[in-house]
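Single-structure report; data block below.
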Amino acid sequence: MLKGILDGCLLAIIKNKEVYGYELAEKLESYGFHSFSEGTIYPLLIRMQKEELVTSTLKKSTAGPRRKYYSLTEKGEKELVLFMERWNYLRSNVNRVLQYESDGSDTSQKGDEMDEY
């Protein structure tokens with residue numbers, strides 16, 4: 001379930017500032033995603049770079065070898081907006097199912113304003 005969601009989370013973090021892989025893992029952990037390591041994140045970043053959603057730059061590090069910092073491209077920013085729209089739609093519908101099915105309410109009048117997702 002997290003596969004597509006993790007992409008959107010990475011794009012959101014990268015949008016705020018240039019970050020390197022380990023920093024992304026730390027940031028995700030600070031938000032409660034404890035099971036993601038650099039080994040999980042780097043393949044996603046490589047794919048996102050191939051899809052031209054992010055770009056990378058090697059920069060000097062104060063400790064150890066140079067680090068690859070990632071930033072969003074214009075295409076990545078557009079993808080983040082689309083992800084946020086899809087996420088809000090999905091979240092709203094799941095919450096509606098959970099709320100109305102658990103309390104027995106009638107959902108026949110609930111909107112389906114974004115059927116294309």
Side-chain angles (χ1 to χ4, degrees):
M1 186 183 331
L2 284 174
K3 185 179 180 187
I5 294 169
L6 187 56
D7 288 4
C9 292
L10 291 176
L11 290 173
I13 293 169
I14 295 168
K15 181 182 189 288
N16 291 323
K17 69 173 194 157
E18 280 188 325
V19 291
Y20 56 97
Y22 181 73
E23 188 177 10
L24 281 168
E26 286 181 323
K27 195 77 156 164
L28 283 172
E29 187 169 343
S30 76
Y31 286 113
F33 292 98
H34 301 292
S35 60
F36 298 108
S37 66
E38 292 172 85
T40 303
I41 293 168
Y42 281 117
L44 297 175
L45 291 170
I46 290 168
R47 181 182 45 76
M48 290 165 66
Q49 195 164 7
K50 286 180 183 176
E51 294 173 357
E52 299 178 344
L53 302 175
V54 299
T55 186
S56 64
T57 307
L58 284 174
K59 294 186 177 185
K60 288 183 180 181
S61 169
T62 56
R66 298 188 310 169
R67 294 179 176 156
K68 188 181 280 192
Y69 282 80
Y70 296 89
S71 56
L72 283 191
T73 63
E74 186 175 325
K75 185 176 178 181
E77 289 183 21
K78 289 177 183 176
E79 181 61 30
L80 176 57
V81 169
L82 289 173
F83 169 79
M84 290 169 58
E85 289 171 358
R86 290 186 305 260
W87 172 253
N88 286 328
Y89 173 73
L90 177 64
R91 179 181 49 119
S92 173
N93 288 332
V94 169
N95 285 340
R96 198 165 36 239
V97 167
L98 295 176
Q99 177 184 354
Y100 292 105
E101 289 301 323
S102 66
D103 71 8
S105 297
D106 179 16
T107 61
S108 62
Q109 296 181 2
K110 301 302 170 204
D112 36 334
E113 52 277 340
M114 292 187 68
D115 283 335
E116 69 273 9
Y117 291 104

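Everything quoted here is computed from the prediction, not taken from an experiment.
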Quiz: residues 44-56 side-chain donor-acceptor pairs under 3.5 angstrom, not counting sequence neighbours:
from	atom 1	to	atom 2	distance (Å)
Arg47	NH1	Asp7	OD2	3.4
Arg47	NH1	Glu51	OE1	3.3
Arg47	NH1	Glu51	OE2	3.4
Arg47	NH2	Asp7	OD1	2.9
Arg47	NH2	Asp7	OD2	2.5
Gln49	NE2	Ser56	OG	2.8

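- Residue Ala63 comes nearest to Arg67 through the heavy atom pair O-NH2, 4.1 Å, listed as atom of the first residue, atom of the second, then distance.
- Val81 and Leu10 fall into different hydrophobic clusters, where Ile, Leu, Val, Met, Phe, Trp and Tyr are joined by side-chain heavy atoms under 4.5 Å apart, directly or via other members.
- Scored by the side chain to side chain donor-acceptor pair (under 3.5 Å) test, Tyr69 finds no partners at all (sequence neighbours excluded).
- Side-chain contacts under 4.5 Å among hydrophobic residues (ILVMFWY), followed directly or transitively, place Leu58 with no other residue at all.
- Proximity of Ile13 to Leu28: side-chain heavy atoms (C-beta onward) are separated by under 4.5 Å at one or more points.
- Taken to the nearest 0.5 Å, the CD1 atom of Ile14 stands 11.0 Å off from the SG atom of Cys9.
- Phe83 and Val94 fall within a single hydrophobic cluster, where Ile, Leu, Val, Met, Phe, Trp and Tyr are joined by side-chain heavy atoms under 4.5 Å apart, directly or via other members.
- Taking CG of Asn16 as the start and CG of Leu11 as the end, the distance is 11.5 Å to the nearest 0.5 Å.
- Comment: Lys15 does not engage Glu79 in a salt bridge, judged by the lack of any side-chain N to carboxylate O separation of less than 4.0 angstrom.
- For the atom pair Thr57 OG1 and Arg66 CZ, the distance stands at 10.5 Å (nearest 0.5 Å).
- Looking at residues two or more places apart in sequence or on another chain, you find a side chain to side chain donor-acceptor pair (under 3.5 Å) between Glu26 and Tyr22.
- Between the CZ atom of Phe33 and the OG1 atom of Thr40 there is a distance of 12.5 Å, given to the nearest 0.5 Å.
- The side chain to side chain donor-acceptor pair (under 3.5 Å) test applied to Lys59 returns Glu18, not counting sequence neighbours.
- One finds the CD atom of Glu85 at 10.0 Å from the CG atom of Leu80 (value rounded to the nearest 0.5 Å).
- Using a 4.5 Å cut-off between side-chain heavy atoms of Ile, Leu, Val, Met, Phe, Trp and Tyr, with links allowed through other members, Tyr70 and Leu72 fall into the same hydrophobic cluster.
- Shown here are the salt bridge (Lys or Arg N to Asp or Glu O under 4.0 Å) partners of Lys78, two or more places apart in sequence or in another chain: Glu74.
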